[in-house]
2 protein chains.
Amino acid sequence: MASSRTIGALSREAGVGIETIRYYERIGLLPPPRRAESGYRHYNDDDIGRLRFVKRGRELGFSIDEIRTLLQLAAQPEQPCAEADRLVREHLAEVEQRIADLSRLHAELAGLACCSERRASDCRIIEALAGAPLPHA
Amino acid sequence: MASSRTIGALSREAGVGIETIRYYERIGLLPPPRRAESGYRHYNDDDIGRLRFVKRGRELGFSIDEIRTLLQLAAQPEQPCAEADRLVREHLAEVEQRIADLSRLHAELAGLACCSERRASDCRIIEALAGAPLPHA
DNA sequence: ATTGACCCTGTAGTGGCTACAGGGTCTAGG
DNA sequence: CCTAGACCCTGTAGCCACTACAGGGTCAAT
Ligand SMILES: [Zn+2]
Ligand SMILES: [Zn+2]
Ligand SMILES: [Zn+2]
Ligand SMILES: [Zn+2]
């Protein structure tokens, strides 16, 4: 017995918003589901699987396009998975880059804190933004 | 002699794109500059200062709204700078949160790597996305 | 029959730019 | 004086990945 569910039920089962599901369909990430006579969408078990796949991909920070590729790879079970591996490595490098950027930012911001006793004209934060040279201590 | 420059010159001096400068003006982050009879914008030295302030703020990851607030604070030199300090702390917390999120992501992705010798049907990456339980090693 | 939960389409908004299209202006060289 | 090319103008649309309506139709229980 293949179970069938409306978009609301799918939304609850997969933990993805209704609007988001319709958006994924619109951009071709999910296939158009069967429709009842009323026009209501009806989803089967494969559809949950696919949507959960997308959700996990997003949680891992993959872009929609990267997920599109991963879905294609998953649909060709006999092909070697080298490309999936490459994609993960590439994405890992992106994440590392973002962490490095944010860490640099963090250090700069941490160096600015704690001057709330001054007037704005002497504030280190304002000075740093306005371009006054900071003492290089 | 107050020097005056067109938008192209300002763009080069501040290191901010022309389209971006016009965008900042449109959203009220920069004041509308003097105009020549031709309609060309002309900027003075204060305008460079303000634009550089904005640029540094963006480089530090502040949102446009945060920069708006910082600009207002900088314009009131007699006020105490407690609010600027609070804003920086708050922003620092945001950055820390983002780093934490990305680090979690990084760990998960790193745990997936290196299976390019297999077929897609056995690929750990595909399995992990499809929801197959990973051995908890 | 009515209520209220659910569903539909289509459009517009978010942030922070960026990229045109389709024009006008300015300046240096010939 | 004329023209080429660099520069400038406005207005609009696109990017990403959603999210939030407005204005309607459908379904199940009472
Ligand atoms: Zn990626
Ligand atoms: Zn201060
Ligand atoms: Zn912030
Ligand atoms: Zn693999």
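Everything numeric here is computed off the predicted structure, so don't read it as measured data. Chain A is the first sequence line, chain B the second, and so forth, proteins listed ahead of strands; every chain is numbered from 1.
In this model, the phosphate group of C/dG15 is not approached by any side-chain N or O of B/Tyr23 to a distance below 4.0 Å at OP1 or OP2. Close to D/dC16, at under 4.0 Å from its OP1 or OP2, lies no side-chain N or O of A/Ser63. Remark: A/Arg41 is in phosphate contact with C/dC8, judged by side-chain N or O atoms under 4.0 Å from OP1 or OP2. Taking only side-chain nitrogens and oxygens, A/Thr6 comes nearer than 4.0 Å to OP1 or OP2 of C/dC7. Remark: A/Arg26 is not in phosphate contact with C/dG10, judged by side-chain N or O atoms under 4.0 Å from OP1 or OP2. Between B/Tyr40 and the phosphate of C/dG24, there is no side-chain N or O to OP1/OP2 separation shorter than 4.0 Å. Side-chain N/O atoms of B/Arg22 include none lying less than 4.0 angstrom from OP1 or OP2 on D/dT12. Contact annotation: B/Ser38 reaches the phosphate of C/dC26 (side-chain N/O to OP1 or OP2, under 4.0 Å). Of the side-chain N and O atoms in B/Arg68, none sit less than 4.0 angstrom from OP1 or OP2 of C/dG15. Remark: A/Arg5 is not in phosphate contact with C/dC7, judged by side-chain N or O atoms under 4.0 Å from OP1 or OP2.
Between the P atom of D/dA17 and the CD1 atom of A/Ile21 lies a distance of 18 Å, rounded to the nearest Å. Protein atom CG of A/Leu10 is 15 Å distant from nucleotide atom P of C/dC6, rounded to whole Å. Straight-line distance from the CD1 atom of A/Ile18 to the P atom of D/dA20: 12 Å, rounded to whole Å. Between the C1' atom of C/dT18 and the CD atom of B/Glu25 lies a distance of 17 Å, rounded to the nearest Å. Per the geometry, CZ belonging to A/Arg35 stands 6 Å off P belonging to C/dC8, to the nearest Å. At whole-Å resolution of the value, CG in B/Leu30 and C1' in C/dC17 are 14 Å apart. If you measure from atom CD of B/Glu19 to atom P of C/dA21, you get 12 Å, rounded to the nearest angstrom. In this structure, B/Ile27 places its CD1 atom 13 Å from P of C/dT18, rounding to the nearest Å.
Across D/dC18, C/dC17, D/dC9, the shortest atom-to-atom separation from the side chain of B/Ile64 is found for C/dC17. The B/Thr20 side chain lies nearest to C/dT18 when the options are C/dC7, C/dT18, D/dT19.
Of the residues near DNA chain C, A/Ala9 and B/Tyr24, the one whose nearest nucleotide (by heavy atom distance) lies more toward the 5' end is A/Ala9. Each of B/Glu37 and B/Asp65 lies near DNA chain C, and the nucleotide nearest B/Asp65 is the one positioned closer to the 5' end. Remark on DNA chain D: of its neighbouring residues B/Arg12 and A/Gly17, the 5'-side contact belongs to B/Arg12, judged by nearest-heavy-atom nucleotide.
By the 4.5 Å heavy-atom criterion applied to side chains, B/Leu51 and B/Tyr43 are not counted as neighbours. Counting heavy atoms from C-beta outward, B/Leu71 and B/Val54 have side chains that approach closer than 4.5 Å. Under the 4.5 Å side-chain criterion, counting only non-hydrogen atoms from C-beta, B/Glu127 is not in contact with B/Arg118.
Checked for salt-bridge contact, A/Asp47 and A/Arg50 miss the test: no charged N lies under 4.0 Å from a carboxylate O.
Between the side chain of A/His91 and the backbone N or O of A/Gly61, at least one donor-acceptor pair lies under 3.5 Å. A donor-acceptor distance shorter than 3.5 angstrom exists from the side chain of B/Arg52 to the backbone of B/Glu13, with no hydrogens or angles considered.
When heavy atoms are screened at a 4.0 angstrom cut-off, A/Phe62 is found touching no nucleic acid atom at all.
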